2 protein chains.
Amino acid sequence: MTISEVSEKFDISQDTLRYYERIGLIPRVNRNKSGMRDYTEEDCNWVEFIKCMRGAGLPIEVLIEYVGLFQQGAETVEARKGLLIEQRKQLIARMEDMKKTLERLEYKIARYEQAVVVKEKELKKSEN
Amino acid sequence: MTISEVSEKFDISQDTLRYYERIGLIPRVNRNKSGMRDYTEEDCNWVEFIKCMRGAGLPIEVLIEYVGLFQQGAETVEARKGLLIEQRKQLIARMEDMKKTLERLEYKIARYEQAVVVKEKELKKSEN
DNA sequence: GCTTGAGTTGGAGTTAACTCCAGGTGTTAT
DNA sequence: ATAACACCTGGAGTTAACTCCAACTCAAGC
């Protein structure tokens with residue numbers, strides 16, 4: 001697969017794909033005889049995986065470490081697992097935070113409905 | 001309340017508090033006769049509100065707009081409500097994204113448990 | 001054989017969100 | 001009244017994560 005196809009398929013710019021490869025966020029992609037990237041199925045899996053993880057806010061640094069460990073082979077299985085467990089923990093924490101914020105937003109929106117119903121009677125300032 | 005107290009209370013650096021005020025992310029805080037910030041209860045509510053919203057990833061730009069609308073008074077109630085509803089939508093979308101990623105992490109971790117049990121039998125590369 | 005277009009590299013520039021700093025003022029303790 | 005300290009302002013610097021660019025190569029079409 002060419003870089004433009006991968007870019008299209010996963011909706012990631014070519015610049016970003018090259019950048020990810022450069023910093024080791026995805027393993028190095030093979031080039032064809034004329035020097036152009038030729039993404040294998042596995043390369044695509046990495047791109048998709050990274051996109052997903054980045055989307056959930058896992059830091060690039062951590063993902064680079066994961067990829068690095070992966071490339072070092074089977075003896076890093078424990079380390080990789082530990083890394084994933086830590087990231088799961090943090091992800092859950094972020095989600096809980098967001099849930100609280102969501103509830104707060106819901107509450108505020110409900111108050112605004114209220115306010116509109118009562119002809120925009122002023123909302124108490126102390127509640128923003 | 002002094003800036004150091006507010007900083008302590010909400011675990012936000014003084015620099016960040018000043019920065020937030022400078023860009024209009026919180027309304028302007030009154031100064032005492034010697035020019036130092038004196039945070040009222042309401043100022044604190046804003047700080048806490050903004051911290052919460054930022055923590056859930058609402059962009060600063062949007063929050064600045066919200067604060068701006070708030071300061072323009074009752075005629076912006078509808079606009080504020082619309083803004084909050086939009087942010088709620090986006091927050092829910094982000095949370096759903098994260099939930100999918102979490103499931104994926106869970107799955108990977110389970111696979112690693114598996115791998116460890118079978119004495120680190122190699123994980124298929126195509127599954128990262 | 002020349003242009004066009006997709007791709008290459010290394011490096012510079014950008015954006016968001018802080019974070020730090022220099023030089024100054026006002027209050028408090030010795 | 002001198003030092004120490006908390007805080008002030010405007011502006012510069014930093015970090016993460018891209019994003020853009022110049023100068024080049026290669027293959028395809030006319």
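For clarity, every value in this text was computed on a predicted model and none was experimentally measured. In what follows, chains carry the letters A, B, and so on, assigned in the order in which the sequence lines appear, proteins first and then strands, with residues in each chain numbered from 1. Worth knowing before you read on, the calculation uses all heavy atoms, side chains too, and leaves out hydrogens, waters and symmetry mates.
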### Message
Output the rounded distance in Å from CZ (B/Arg31) to P (D/dA6).
### Response
19 Å

#### Entry: Bend angle of the helix from C/dG1-D/dC30 to C/dT30-D/dA1, end axes from five pairs each (to 10°)
20°

#### Entry: For B/Tyr19, side-chain contact (heavy atoms from CB on, under 4.5 Å) partners two or more places apart
B/Ile23, B/Ile60

### Task
Please figure out whether B/Ser13 or A/Asp15 has its closest DNA chain C nucleotide nearer the 5' end.
A/Asp15

### Task
Taking heavy atoms of chain B and a 4.0 Å limit, find me the 5'-most and 3'-most nucleotide of DNA chain C within that range.
C/dA17 to C/dT27

### Query
When rounded to the nearest 0.5 angstrom, what is the spacing between CG in B/Leu83 and CD1 in B/Ile85?
10.0 Å

Return all side-chain donor-acceptor pairs below 3.5 angstrom for residues 88-99 of chain A, not counting sequence neighbours, or 'none' if the list is empty.
| residue | atom | partner | partner atom | Å |
| --- | --- | --- | --- | --- |
| A/Arg88 | NH1 | B/Glu106 | OE1 | 2.7 |
| A/Gln90 | NE2 | A/Glu86 | OE2 | 2.6 |
| A/Arg94 | NH2 | A/Ala56 | O | 2.9 |

## Note on the structure
Note: contacts of residues 16-23 of chain A with DNA chain D (heavy atom, under 4.0 Å) are A/Thr16, A/Tyr19, A/Tyr20, A/Arg22

### Task
State whether the side chain of A/Gln87 and the backbone N or O of A/Leu58 hold a donor-acceptor pair below 3.5 Å, judged by distance alone.
no

### Main-chain N/O of A/Arg31 paired with A/Asp38 side-chain donor or acceptor, under 3.5 Å
no

### Cation-pi, B/Phe49 ring and A/Lys108 (6.0 angstrom, 45 degrees)
yes

### Query
By side-chain contact (heavy atoms from CB on, under 4.5 Å), which residues pair with B/Asn32, not counting sequence neighbours?
B/Ser34, B/Met36

### Query
Judged by atom type as modelled, is there a donor-acceptor pair below 3.5 Å linking the side chain of A/Ser13 to the main-chain atoms of A/Thr16?
yes

### Task
Let me know the distance between CE of A/Met36 and C1' of D/dT25, rounded to the nearest Å.
7 Å

### Task
Output yes when a side-chain donor or acceptor of A/Lys51 lies under 3.5 Å from a complementary backbone atom of A/Phe10, and no otherwise.
yes

### Query
With under 30° as parallel and over 60° as perpendicular, where do the rings of B/Tyr66 and B/Phe70 fit, or are they tilted in between?
tilted

